[in-house]
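A short worksheet on the structure shown next.
In what follows, chains are A, B, ... by sequence order, proteins preceding strands, each numbered from 1.
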Protein chains: 4
Amino acid sequence: MSTLKNHVQLIGNVGQEPQITNLESGKKVARLSLATNEYYKNSEGEKIQNTEWHTIVAWGKTAEIIEKYAGKGKEIGVTGKLKSRSYEDKDGIKRYVTEVEANEILLLGTKNGNNSAD
Amino acid sequence: MSTLKNHVQLIGNVGQEPQITNLESGKKVARLSLATNEYYKNSEGEKIQNTEWHTIVAWGKTAEIIEKYAGKGKEIGVTGKLKSRSYEDKDGIKRYVTEVEANEILLLGTKNGNNSAD
Amino acid sequence: MSTLKNHVQLIGNVGQEPQITNLESGKKVARLSLATNEYYKNSEGEKIQNTEWHTIVAWGKTAEIIEKYAGKGKEIGVTGKLKSRSYEDKDGIKRYVTEVEANEILLLGTKNGNNSAD
Amino acid sequence: MSTLKNHVQLIGNVGQEPQITNLESGKKVARLSLATNEYYKNSEGEKIQNTEWHTIVAWGKTAEIIEKYAGKGKEIGVTGKLKSRSYEDKDGIKRYVTEVEANEILLLGTKNGNNSAD
DNA sequence: TTTT
DNA sequence: TTTT
């Protein structure tokens, strides 16, 4: 999908170890939870943190970079697109989820510099 | 939320008339469904359309622009951020939704030019 | 260059006919001038237009789309990256220019819809 | 200027100490040089670095954050818009420059976390 | 549910 | 569930 039509960019921290699936085709899929944190002061001057959690899905080479480098707690940048899909949960209830399909991962805050997925 | 940390941009067509809610505070909320369309040719050379649907939420002045100008079928650009929230549906089932909270709307393809929300 | 590291997005109108160059290799280069327009009201309530002009350079397939569809006056979207280079002008003075190297063009406001470069 | 119409995003390293100017109004202006680095392997398999340099200009509160935190070598993210202007150099030659006017700075890779300009 |  |  065109970067102009459907484009997401996130910078945040990986919430837990990414879940890697090896497809029969040999391709990898990575799925991770990313927190983006916003800070602001409320009317009493207290520092408030507002965290948003995002589900990131990545395929192929980008998934491999996640597996190797994007462990729990790591600060990463992600670009990709929004995709929604539905599935039936274990109770047979139809669920809808919206995920960010990553086409690029950037490792931030690493001593040895950035490591981008392209 | 910072544009660097949590940023979404979409260009597409409004699926149906936006739903406008007037809050008691006098503020407006607009909620609309936006289609982003991707076209590609499959291995048989047929033109395939892949449509992704997004829920857009906007507040205040941006909601007013949507109410006035972003009717069904209109081509618009949106920037904003990803937000997820949960609610209980009418059957008491907990549901999660991910929406794009718009901070800017751009009206495209209008004779009298663009009309941005800022 | 990574979309996270160096990313430009513009929506505006083509200032004059794009200049197309056919390289010996058979590849095309397109060069065009794009206006981005901002409107605001000054303290007297007068509507002020502030126009910024950008030089866009595109190669190959993207250049072909520009040649065919992005004529003078057309409203287009562009994504790409910032690149600077120097050259000597006809008086032997070293000049520096900053251009946007496009990797995607989106035709907006056309009756027959959008035509993206990918 | 609208984020949809004129938007730049960069992630890179500060080339030298930012130059800070205190205007008579009390406002600050910061000007800095930012390197964005791309790495790729050439046909011989050698790792090649391609660096692009950008001039960033920031005003007010964003300039203050640069002064305090964005010293030489620091990894930062920047969003803003493209602006071009002309001036006469010391030899009376008219020069054109294109700069990124920052509206947000994000400090990356710091032990004490990110510090955004908004 | 849009648009081409 | 991260990070500061």
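- For A:Ile105 and F:dT2, the CD1 to P distance is 19 Å, given to the nearest whole Å.
- We find that D:Lys28 and D:Glu67 are joined by a salt bridge, their nearest charged nitrogen and carboxylate oxygen being less than 4.0 Å apart.
- A donor atom on one side chain and an acceptor atom on the other are not found under 3.5 Å apart for B:Glu64 and B:Thr62.
- Salt bridge B:Glu99/B:Arg85: present, at least one basic N to carboxylate O contact under 4.0 Å.
- A donor N or O paired with an acceptor N or O is not found under 3.5 Å between the base of E:dT3 and the side-chain atoms of B:Thr51.
- Picking from E:dT2, F:dT1, F:dT2 the nucleotide with the shortest atom distance to the side chain of A:Gln16 gives F:dT1.
- When the C1' atom of E:dT2 is taken as reference, atom CG of B:Leu10 falls 14 Å away, rounded to whole Å.
- Rounded to whole Å, atom C1' of F:dT3 lies 9 Å from atom NZ of B:Lys5.
- The base of E:dT1 does not come close enough to the side chain of B:Asn13 for any donor and acceptor atom to sit less than 3.5 Å apart.
- Between A:Glu38 atom CD and F:dT4 atom P there is a gap of 18 Å when expressed in whole angstrom units.
- Checked by distance alone, B:Asn37 brings a side-chain donor or acceptor within 3.5 Å of a matching partner on the base of E:dT3.
- Taking the 5.5 Å centre cut-off and the 30° plane limit, the aromatic side chain of A:Trp53 is classed as stacked on F:dT1.
- Within 6.0 Å of CH2 in A:Trp59 there are 12 or fewer heavy atoms belonging to other residues, nucleotides or ligands.
- Along DNA chain E, the nucleotide nearest B:His54 and the nucleotide nearest B:Lys47 are compared for position; the residue whose nucleotide lies closer to the 5' end is B:His54.
- Two residues are said to be in side-chain contact when any heavy atoms from C-beta on lie closer than 4.5 Å; D:Ile76 and D:Leu106 fail this criterion.
- Comparing atom distances between the B:Gln49 side chain and each of E:dT2, F:dT1, F:dT3 picks out E:dT2 as nearest.
- For B:Ile56 and E:dT2, the CD1 to P distance is 16 Å, given to the nearest whole Å.
- Protein atom CG of B:Leu108 is 14 Å distant from nucleotide atom P of E:dT4, rounded to whole Å.
- The interatomic distance linking A:Ile11 (CD1) with F:dT3 (P) rounds to 17 Å, in whole Å.
- The CD atom of A:Glu17 sits 11 Å away from the C1' atom of F:dT1 (whole-angstrom rounding).
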